[in-house]
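Worksheet for the structure shown next.
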Amino acid sequence: MSALASYLRSHRLKSGFSRRELAEIVGFLTTTQVGRHERSEILPTLMAALAYQAIFRIPVAELFPGLYETIAQGIEEKLLALEGTLENSSARRSKANITAIKLIWLNSRKSASITVSTE
Amino acid sequence: MKHNDETYILALDVRHSRIGYALFAGPKQLLDWGASTVPSQCIHRTSWVQQRMKSLLRHGSPVFLVVKQPRPARPPANANGKPIIEAILSAAKEYGIPIQLLSHDEMLSAFRIFNVRTKDDIACVLVGMFPELLIRLPPRRKKWQPEPHGMIVFDAIATGFAYWRSSPSHE
């Protein structure tokens, strides 16, 4: 299945809001920003992303799934690399304990299912 | 071609100077819709259309493109719309997206079960399926009036709907 980079336009169209109305609600002076966010030309600021979430009552990760997937994939790769480094490290005593805690946490994280819902 | 319920398709209705589009995620989910006007002063109309199409294909990433075939009974409109259709086809080809041209008869047969006769009737049926379209529903056209500007969007959505009705996965 192919996902859109941004579902902002879909949700705006469903709500019936015009770009101008949405821009006013979020707090933009012009409609340009909203259009660019809809086309995924620029990344929304944290304030704007949370504003969209609050307006449509849909988590940011679901509004911008393409962006979320890219970030999540990068994070997974980095965590995997860190895990490998920790497993190969030869620390003693207190440092070894911290390494163990980190590895346990990483393992429990793997088994935990990821939920993006905020409700 | 068999599709699952989450397949993205882009449906187009092409006129002499306008393109209506609708992006479906499966038969029941309408993600995006709208219309683009080809600038009348634009010398390179086909390249403008190609750019617009590329932008739509990039944004929507559809796996299939459905285009309503212009009616052969109207040579002038057909002659004007032809370069636009060719530009659309070449943009889709560049992205490797398969295309299906849907004839007027196929469109009508998809809506036959709703007992509709006019475009206004079809638009009303579509509003029933996708209530978010209600604000875009143009007023019912009188016989002496020209077609409302916004009807092209409903034509594009109807094209997409007709495609889903005729696709093998629907049977």
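Quick note on labels: first sequence line is chain A, next is B, and so on, each numbered from 1. The model shown is predicted, which means the values in this text are computed figures rather than measured ones.
With values rounded to the nearest 0.5 angstrom, Leu23(B) atom CG is found 10.5 Å from Leu13(A) atom CG. Here Glu38(A) contributes atom CD and Asp32(B) contributes atom CG; the two are 8.0 Å apart, rounded to the nearest 0.5 Å.
Residues Arg9(A) and Tyr21(B) come closest through the heavy atom pair NH2-OH, 3.0 Å. When all heavy atoms of Leu31(B) and Ser10(A) are compared, the pair lying nearest together is O-OG, 2.6 Å. Taking each heavy atom of Lys14(A) and Glu132(B) in turn, the nearest pair found is CE-OE2, 3.5 Å.
Leu30(B) touches chain A through its backbone: at least one of N, CA, C or O sits under 4.5 Å from a heavy atom, while the side chain does not. When heavy atoms are compared at a cutoff of 4.5 Å, Ser6(A) approaches chain B solely by way of its backbone atoms N, CA, C and O.
Counting heavy-atom neighbours within 6.0 Å of Phe17(A) CZ, excluding the residue itself, gives a total of 12 or less. Taking a 6.0 Å sphere around NZ of Lys93(B), one finds it holds 12 or fewer heavy atoms contributed by other residues, nucleotides or ligands. Heavy atoms from other residues, nucleotides or ligands lying under 6.0 Å from CG of Leu29(A) number 12 at most. Within 6.0 Å of the CZ atom in Arg140(B), the count of heavy atoms belonging to other residues, nucleotides or ligands exceeds 12. Atom CD of Gln73(A) is surrounded by 12 or fewer heavy atoms from other residues, nucleotides or ligands within 6.0 Å.
Side-chain heavy atoms closer than 4.5 Å link hydrophobic residues (I, L, V, M, F, W, Y) into clusters, and following such links, possibly through other members, connects Leu134(B) to Phe114(B).
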